[in-house]
Every structure is written in C-alpha cells, then in structure tokens.
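A quick note: this is a predicted structure, and the numbers were derived from the prediction, not measured. Below, read A as the first sequence line, B as the second, and so on, with proteins coming before strands; counting in each chain starts at 1. What's counted below: heavy atoms across the whole structure, side chains too, no hydrogens, waters or symmetry copies.
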There are 2 protein chains.
Amino acid sequence: MTETVLAEQIATRLRRDILRGTLPPGAPIKERDNASDLGVSRTPMREAIRILAKEGLVELRPSRSPIVARPNVKDLADQTLVLIALEKLSAELACTAATGADLDRIAGILATMADRFAETDPLDMFEIDMSFHTAIAEASHNRALAETHRAFLQRLWHARFLAARQKRARDRVLQEHGRILDALRARDPVAARMAIERHLGHLADDIRRVVATETPGKDTTTNKGDAT
Amino acid sequence: MTETVLAEQIATRLRRDILRGTLPPGAPIKERDNASDLGVSRTPMREAIRILAKEGLVELRPSRSPIVARPNVKDLADQTLVLIALEKLSAELACTAATGADLDRIAGILATMADRFAETDPLDMFEIDMSFHTAIAEASHNRALAETHRAFLQRLWHARFLAARQKRARDRVLQEHGRILDALRARDPVAARMAIERHLGHLADDIRRVVATETPGKDTTTNKGDAT
DNA sequence: CGGCGCAAAATGGTATACCACGGGCGGCAG
DNA sequence: CTGCCGCCCGTGGTATACCATTTTGCGCCG
C-alpha cells in the first residue's frame, strides 16, 4: 500500500481536474478508461467517483457513465443560499466558540490577502479567499457545520471563482473581510451575521449572472464535453 | 440485476439496523462477515459502508474495522444546531417558494399526526413527524437544502427519537407544527423562522440531556455489539 | 427508402482472488 | 519468570474476471 486510501488520492486528483475545468461539465467519467489512464484498477476509481458524486461534482446515472456535474443556474443559486446560511451560523457560533488562536489565524489569512492581492495569480488568491471562509467555519468549533460548509464551498468552487473574477474589487473584499473579523473579535453575533450578509449577500445573484453569461443559450444541455 | 444498486439496498438495510438500534454504536462492521451474512460480495457491502460513512452513521478507521458511529454529545448538539439553521432557512424559503400543493401536503401530514397520535406506535409516529419536517424542506424547492436537511435528519434520527420519546407531548407538538404551517400559509418568513425556533429551539438541550441520561458513564465503549 | 429488430460491443454492477499491513500470541533468550 | 522478537491470522485495500443491461449500428423486411 502506497499510503493507504488510493481512492482518495484519485478523488483528489479528479476533483482538481473538475474544479480547474480540465474535465468540462458533461464529460463522461468511464470507470475503465480513467482507471487505466491512472494505472489503477476500477475498484478505487469507482470509489473515487462515488466520493465525488456525494460531493455533487459528479452526476451518477443508473447503468450509464457518470458525468461531470452540469449544475444549472438554479441549483447553483440554491446552493449559494445554503452556503450563506451556513456561514452566518458559523460566524454566529464563532463569536462564542472562537479561541484567540482562531481569530489570529483568520487575521493572518486576511493579512496575507491584503499583502499579495495583486501579485498572486487569481486562482491561488481565490484559494486563500476560500481559506478565510473555511477558517471562520472551523472557528465555530462545530465539526458538522465546518464539514458541511466545506462541502458547499467545494461544490460552488467553480461558480464562485467565475463570480469573483468578474468583480475583483480588492478593497471591497478586504474591507468586508475586515468587518467580519471585527465582528468576531467583538464577539457580536448579530454584527457577524450582518457582515457575512454584506459580504455574500449578492453572491447568489452574481453567480446567476456570471453563469448565465457563460452559458450561451438558456440551458447547459448544449455542453457536450469530451475529456479525452 | 435485481433492481440495480444492490449497494444502496444494503446501505438502506444497514442504516435501518443502525437507526433502530439493532446495530449498537461501536459495533464493528466487518466487510467479509456482513457481506456473507447478506449473501452478497464485499464490493457492494464496501460501497454501502462508504455511503453510511458519508452520512455519518459509520466511523471509518484506517486499516481497522469500520464501526457504527458513536457520536458524542457535543457532535449531536452541533448537528442539531445545523439542522435547526437549515430548517429555518427551509421555512423562510418555503414562504416564497411553496406551492398550494406543498402546503396541502404539509397540512395533510399534520392532520395524520393529529388523527392517530396515540394509536400508532412511537416509531412510526416519529417517522411521520420527520416527514413533516422533510416536507417543509422540500417546499423550499431548493434541492441542495432539502438534501442536506434530510442528511442531518438522518444522522440525528436516533437521538431525536430518544428526545421525542422523552417528552411526548401530543398537544404541544401539534400546536407548534400548526404554528409553522400557519406561518407558511401566511407567507411570513419571520414568523416561520420563529415558529421553527419555538419548535426546535430546545432540541439541542433535549438531546444533550437524553443522551447523557442514556450513557451511563461518559463513554459508550461498554457496548459490545454483535449483529448476527 | 425507411422503420423495426436483433446482435454485438461497451459499460457499469458484482463476485472473487490476491496483497499488504497490523495486532495477537507463542516461543525463545536473557 | 519476564520481556522481546517473529510468525500467523484477521482485516481492509486492490486487482481482475464475470455478468447483466443498455446502446448503437447494421441488416432485413415492409
């Protein structure tokens, strides 16, 4: 055994490919092909696919090739609403549960963002941005919440990235993040919720807009992707 | 193939066994044994175990037998908080999104509960209760939300059942459910959230209490279960 | 010339065989 | 007698072979 959990390594790799766009939505993930491509057997590949399916990145059809998820606009907007709700709860709970170290970590991420907002490539910067939100979820010290939050962040990765690239307003983002941190430091749940709302409130609309822009017609059925 | 997705059937069965308590927390789920018990091979059994693991019903340890999840009190309380948040969001969204048919369905469940509260056995009644909440989540017409909500309801099944059995106050439950329905009918998001809060607000504490009562010491290690 | 049907290939679902790690137990040495 | 070392067995991880279904294309019949 290499390091145990081959399936998870595969899942990680596939996830990356999907999120980065290497595997376009609609692309079929055939167990056999992908397995032999990676030089592994179907069993772990199969398991990896199931993992991604649970995460919503892959669509499982009965007795048919799984395909890369092709979320429609509504689904994305729906997921965004849930994400926001989770993040509000995170912030609220973090006001009580967060330790000093938690807050420091969050502040550190904020500082990192401020420092090299311009010089870092958007993709990496975006990952830092996500880690900010993840850190808040973790500061709630509520495992279930943090995990669920992470799952939604994952599922929305691509859409959020597009939305963020659209209006890449350095100052606004930093300021909003700062407000969130302030609220957490003040241990003020209401303010924290509001700060989150201010930061993410329009996310659903943004995603709706950018995805609508990206997709030519009104449905994504047109996307006939082929990965190989 | 019988009806496709053997793994799912197994998962359903195992889930039932776990939720009903046939498989006590801490009981090992050995791939080989359970597979041969059910007359299937390890592959679907393995997949079923992974499904349940993702649902939080089974604990996966590296290179060791998976065991039935043994959630501690804090985890349950944490999950409850998330569940409540999700349900509030459901109710809020349902105020806008629910159709007349949705409301009728919810009302129907409420009526069913009222009719045969006493005559039905607690387990079935509890499932009806759960379906009430599930119906609200579905009335939000937000797939991601409904699914996540269902997942948490699932994970909390056992604890909620214990808590519900504890204070089995027919009138109070019906009244609170009625208030929720009223708020939905009035399309009043704020009232809906409040009604949910009133209904579930003390759930975390209840669960904490009943679980603390159930577990003698501070750990459940004493439970040495055997399924067969 | 087109529609229906059958057959073969493709593909996911399932079963089984093999491998590597880990813990328990017994033997050997100090 | 005790402690350490090594072997064996139990268990999960992986690979592969087999089976059922679905799809698709070709040929036959209308």
Residue Arg116(B) excluded, over 12 heavy atoms near CZ under 6.0 Å: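 Not more than 12 within 6.0 Å, no.
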Enclosure of His141(A) NE2 (heavy-atom neighbours >12, cutoff 6.0 Å):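 Counting other residues, nucleotides and ligands, NE2 of His141(A) exceeds 12 neighbours.
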Closest to the [X] side chain, choosing from [options]:
| X | options | answer |
| --- | --- | --- |
| Leu6(B) | dA15(C), dG12(C), dT23(D) | dA15(C) |
| Arg64(B) | dT14(D), dG13(D), dG22(C) | dG22(C) |
| Val40(B) | dG12(C), dT11(D), dA15(C) | dA15(C) |

Rounding to a whole Å, what distance do you find between [X]:[atom1] and [N]:[atom2]?
| X | N | atom1 | atom2 | value |
| --- | --- | --- | --- | --- |
| Asp33(A) | dG12(C) | CG | C1' | 12 Å |
| Arg42(B) | dA17(D) | CZ | C1' | 16 Å |
| Gln9(B) | dT14(C) | CD | C1' | 12 Å |
| Arg61(A) | dG12(C) | CZ | C1' | 11 Å |
| Met45(A) | dG13(D) | CE | C1' | 16 Å |
| Ile67(A) | dT23(D) | CD1 | C1' | 16 Å |
| Leu38(B) | dA15(C) | CG | P | 11 Å |
| Ile49(A) | dG12(C) | CD1 | C1' | 10 Å |

Terminal axes of the helix from dC1(C)-dG30(D) to dG30(C)-dC1(D) (five pairs each): angle between them, nearest 10 degrees: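 The end-segment axes of the helix from dC1(C)-dG30(D) to dG30(C)-dC1(D) are tilted 10° relative to each other.
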Between [X] and [N], does any side-chain N or O lie under 4.0 Å from OP1 or OP2?
| X | N | result |
| --- | --- | --- |
| Thr43(A) | dG13(D) | no |
| Ser41(B) | dA15(C) | yes |
| Arg46(B) | dG13(D) | yes |

No-hydrogen, no-angle side-chain donor-acceptor test under 3.5 Å, Thr99(A) and Asp102(A):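 Checked: Thr99(A)/Asp102(A) side chains pair up, N/O donor to acceptor below 3.5 Å.
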Sugar-phosphate, base or nothing in reach of Arg32(B), heavy atoms under 4.0 Å: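 Base contact.
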Side-chain donor/acceptor of Asp78(A) to backbone N/O of Ala144(B), under 3.5 Å: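 No; judged by distance alone, with no hydrogens or angles, the pair does not exist.
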Arg61(B) side chain to Ser65(B) backbone, donor-acceptor under 3.5 Å: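 Side chain of Arg61(B) to backbone of Ser65(B): a pair is present.
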Non-hydrogen side-chain atoms of Trp157(B) and Arg15(B) separated by less than 4.5 Å: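 No, their side chains stay 4.5 Å or more apart.
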Electrostatic pair Arg50(A):Glu47(B) at N-O distance under 4.0 angstrom: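 A salt bridge is present here (some side-chain N lies under 4.0 Å from a carboxylate O).
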